[in-house]
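Basis for what follows: all heavy atoms, side chains included, without hydrogens, waters or symmetry-related copies. Keep in mind that what you see is a predicted model, and the values were worked out from it rather than measured. Reminder, nothing fancy here: chain letters follow the sequence lines and each chain counts from 1.
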Protein chains: 2
Amino acid sequence: MPTTTAAEQRADAKAQYNAYLAACPSQQLLARVSGKWVTLVLSALGSGPECDGDPRPMRYSELGRVLAGVSPKMLSQTLKSLERDGLVVRTATATVPVTVTYELTDLGLSLHGTVRQLKRWSEAHRDEVAAHQASFDSVR
Amino acid sequence: MPTTTAAEQRADAKAQYNAYLAACPSQQLLARVSGKWVTLVLSALGSGPECDGDPRPMRYSELGRVLAGVSPKMLSQTLKSLERDGLVVRTATATVPVTVTYELTDLGLSLHGTVRQLKRWSEAHRDEVAAHQASFDSVR
DNA sequence: CGGAATCCTAAATGATACTG
DNA sequence: CAGTATCATTTAGGATTCCG
């Protein structure tokens, strides 16, 4: 029996996939940055709780309140990854109950600008997309 | 036994989350549009296989080749959702083995422009992010 | 208050085989 | 060629509990 079957093909596909990622390396960063909570946190820190204000530092619990429904786990996780990427800074003040605030860095602000564009696109074309969906579904 | 425990709290969280989505409705579209394969397909159709060319129609199998590693399932699924959203058009020609091509619509092109910006951001700041990650990790 | 650790569920994703 | 159907797996996400 030849050794050329499923295992090889799988390895091959992986290799090709990695080759594609190597060709478009930004996809990896893009993927990391496109996460659900990443966008939301970025949005909150960049636009304030009202979704359209100015960037300002926010506390952990405040973020938790604004992004209602987020579990502490996801919030920590997201904030930590953003801090690791240098998009936010964490500031801990040693008051009696500890006070921790998160704020966008310049890098984070620049990304927020881009994300904001994507958000604007979403807002601008939401009706159009919805209309397409409706007509598509009605045919089915 | 009171009926106020896990189930209620879960429902409550859901409700709050929905409330937040209602406040920022574009997040839904944003989330749909930020999917891994969505970005990749959009990229391929918008920039050609080389990742930096011009938009042009591509065949199903060609997309499968370019996005090496994608399963037929994910490819179909992604293409169908994009078609449903009105971002791509599917054209089937009744040749002997069927020929099917996918192409960006104007709407899809406009999104591709925005995604391209995000990609550019990723490319431009990749080193910076990597540096931040490295220094962050070295402290830990 | 701000998180870390643990356990668990559901959804996304993928491999594979089969059909028009 | 262009998919669909099914099953296995990975992973994201979330509830809960405890620590500094």
Side-chain angles (χ1 to χ4, degrees), chain A residues 5-18 20 31-41 57-84 88-102 140, chain B residues 4-18 20-21 31-41 57-83 88 90-102 140:
Chain A
T5 22
E8 263 216 346
Q9 293 190 3
R10 238 170 70 186
D12 209 40
K14 283 281 186 200
Q16 289 188 319
Y17 179 61
N18 289 335
Y20 182 74
R32 285 185 39 68
V33 145
S34 300
K36 174 184 175 183
W37 295 116
V38 172
T39 314
L40 291 173
V41 167
M58 293 175 80
R59 296 181 55 173
Y60 180 86
S61 54
E62 191 178 6
L63 281 169
R65 237 173 298 118
V66 169
L67 311 178
V70 69
S71 63
K73 175 188 172 181
M74 291 318 293
L75 189 51
S76 303
Q77 190 174 302
T78 306
L79 286 170
K80 206 181 299 178
S81 84
L82 288 177
E83 189 193 359
R84 193 173 103 94
V88 306
V89 276
R90 195 189 98 115
T91 311
T93 313
T95 53
V96 172
V98 197
T99 306
V100 181
T101 62
Y102 292 89
R140 294 277 145 163
Chain B
T4 313
T5 22
E8 261 216 349
Q9 291 191 4
R10 241 169 69 188
D12 208 40
K14 285 278 189 202
Q16 288 189 318
Y17 179 61
N18 290 335
Y20 181 73
L21 281 185
R32 285 184 39 67
V33 145
S34 300
K36 174 182 176 184
W37 296 116
V38 172
T39 314
L40 291 172
V41 167
M58 294 175 79
R59 297 180 56 171
Y60 180 87
S61 53
E62 191 178 6
L63 280 169
R65 238 173 299 120
V66 169
L67 310 179
V70 68
S71 62
K73 177 187 170 180
M74 290 318 293
L75 189 52
S76 305
Q77 192 173 302
T78 306
L79 286 169
K80 208 179 297 178
S81 83
L82 288 177
E83 188 192 0
V88 306
R90 196 189 97 118
T91 313
T93 314
T95 53
V96 172
V98 197
T99 305
V100 181
T101 63
Y102 292 89
R140 294 278 144 164

Point to revise | Chi angles and distances behind the side-chain contact (heavy atoms from CB on, under 4.5 Å) call for A:Y60, A:L79 | key: CA-CA 9 Å; A:Y60 180 86; A:L79 286 170; 4.0 Å; yes
Is any side-chain nitrogen or oxygen of [X] closer than 4.0 Å to OP1 or OP2 of [N]?
X	N	result
B:Y102	D:dG3	yes
A:R59	C:dC1	no
B:R90	D:dA2	no
A:K80	C:dA4	yes

Over how many whole Å does the gap from [X] atom [atom1] to [N] atom [atom2] extend?
X	N	atom1	atom2	result
A:L79	C:dA4	CG	C1'	14 Å
B:E62	D:dC1	CD	C1'	13 Å
B:L40	C:dA12	CG	C1'	15 Å
A:L63	C:dC1	CG	C1'	14 Å
B:M58	D:dC1	CE	P	15 Å
B:Y60	C:dG20	OH	P	17 Å

Review point. Taking for each residue the nucleotide of DNA chain D bearing the nearest heavy atom, is the 5' side occupied by A:V98 or by B:S76?
Key: B:S76
For residues 64-74 of chain A, which side-chain donor-acceptor pairs fall under 3.5 Å, sequence neighbours excluded?
| unit_1 | atom_1 | unit_2 | atom_2 | d |
| --- | --- | --- | --- | --- |
| A:S71 | OG | A:M74 | N | 3.4 |

Between the protein and nucleotides 9-13 of chain D, list the N/O to N/O atom pairs that are separated by less than 3.5 angstrom.
| unit_1 | atom_1 | unit_2 | atom_2 | d |
| --- | --- | --- | --- | --- |
| D:dG13 | N7 | A:K73 | NZ | 3.3 |
| D:dG13 | O6 | A:K73 | NZ | 3.1 |

Check your understanding: Any idea which of C:dC1, D:dC1, C:dT16 is nearest the A:P97 side chain?
Key -> C:dC1
Review point. Quick one: OG1 on A:T78 to OH on A:Y102, what's the gap to the nearest 0.5 Å?
Key: 10.5 Å
Review point. CZ/B:R59 to OG1/B:T91 distance, rounded to the nearest 0.5 angstrom?
Key: 12.0 Å
Point to revise | Where A:T93 and A:V98 come nearest, the two heavy atoms and their spacing | key: O-CG1, 3.6 Å
